Amino acid sequence: MRTPVIAGNWKMNMTVDQAIELVKGIHYGYKNPGQVDVVVAPPSTSIHPVAQYLKDSHISVAAQNMHWEESGAFTGEISAPFIKDAGADYVIIGHSERRQYFKETDKTVNKKMHSAIKHDLIPIMCVGETLGEREDGRLQDVIQRQVMDGLDGIESFAATDIIIAYEPVWAIGTGKTATSEQAEEVHSFIRSLLHKIHDTKKANGIRILYGGSMNSKNAAELLALPNIDGGLIGGASLVASDFIDIIRS
Ligand code: PGA
């Protein structure tokens with residue numbers, strides 16, 4: 001049985017004060033620890049204050065990105081040890097906005113995965129096709145490449161330490177959600193890829209989240225599907241009551 005994960009990706013939103021207000025709302029509104037792993041990913045400026053606020057709560061904190069090196073001359077970057085030190089336990093890696101706007105590749109995603117796991121952060125590795133790739137019939141090729149290259153060399157790690165998020169690029173922030181059939185098809189394909197690189201127990205233990213315009217109205221249907229183990233939520237995670245409704249789903 002995989003524990004569902006509901007993760008809020010706040011992207012470049014929320015000042016420190018706004019971030020604390022938002023987690024206060026989520027914390028007070030959701031009092032049912034244990035059934036769902038709840039994670040929030042504030043901008044890096046708010047990781048520490050949010051983690052401090054949530055210290056004794058059942059809500060965990062994620063970074064939205066990281067560098068694969070531990071320290072050094074990489075202006076503007078933060079590394080896994082810094083994220084850990086700031087109080088986060090998770091990190092989002094390879095989000096499509098990072099791939100699209102910051103030229104991240106499967107190779108850099110893979111380096112980040114190794115560093116995250118080494119430093120005891122749970123990586124949420126994002127994969128997903130563009131509309132063009134889907135329409136050209138390249139959906140499976142793209143997903144396979146992103147999953148296999150992203151996970152290259154990490155077969156020996158505990159599977160529970162890895163989360164994958166399937167986020168079709170055409171569904172992110174557009175209000176267009178994948179249908180249940182579209183989502184489940186890709187999720188079960190990802191599961192079959194995991195079986196190629198892990199033994200059955202590990203492959204079945206990895207949680208695969210759906211992301212892309214998930215909201216309080218469509219969450220229940222998507223989350224009921226056999227291979228959808230939670231959600232990575234952008235827009236709808238910025239309003240406490242919407243996010244709580246998704247957790248309750
Ligand atoms: P969205 O974003 O929910 O606003 O579509 C999801 C994401 O980018 O993780």
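Nothing here was measured: the structure is a model prediction, and the numbers come from that model. Index from 1, following the sequence. Read the numbers this way: they start at 1 and go in the same order the structure lists the ligands and their atoms.
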Under 3.5 Å donor-acceptor, [X] side chain and [Y] backbone:
| X | Y | value |
| --- | --- | --- |
| E184 | N227 | yes |
| S46 | P43 | no |
| K112 | M66 | yes |

[X] neighbourhood, listing ligand 1 atoms whose heavy-atom distance to it stays under 4.0 Å:
| X | answer |
| --- | --- |
| K11 | 2 (O), 7 (C), 8 (O) |
| G173 | 1 (P), 4 (O), 5 (O) |
| G212 | 5 (O) |
| E167 | 6 (C), 7 (C), 8 (O), 9 (O) |
| H95 | 7 (C), 8 (O), 9 (O) |

Would you say [X] and ligand 1 have an N/O pair spaced under 3.5 Å apart?
| X | result |
| --- | --- |
| S213 | yes |
| G235 | yes |
| I233 | no |

Can you tell if the side chain of I172 reaches within under 4.5 Å of the side chain of S96, non-hydrogen atoms only?
yes
Mark yes when over 12 heavy atoms from residues, nucleotides or ligands other than E221 sit less than 6.0 Å from its CD; otherwise mark no.
no
Quick check on A171 - does any of its heavy atoms sit under 4.0 Å from an atom of ligand 1?
yes
Is the Y210 ring parallel, tilted or perpendicular to the H187 ring (thresholds 30°, 60°)?
tilted
What I want to find out is whether D245 reaches K217 closely enough, with some N-O distance under 4.0 Å, to be called a salt bridge.
no
How about D89 and S60: does a side-chain donor come under 3.5 Å of a side-chain acceptor?
no
For atom 3 (O) of ligand 1, closest protein heavy-atom neighbour
G234 N, 2.8 Å
Which part of N9 is near ligand 1, with near meaning a heavy atom under 4.0 Å away: side chain, backbone, both or neither?
side chain
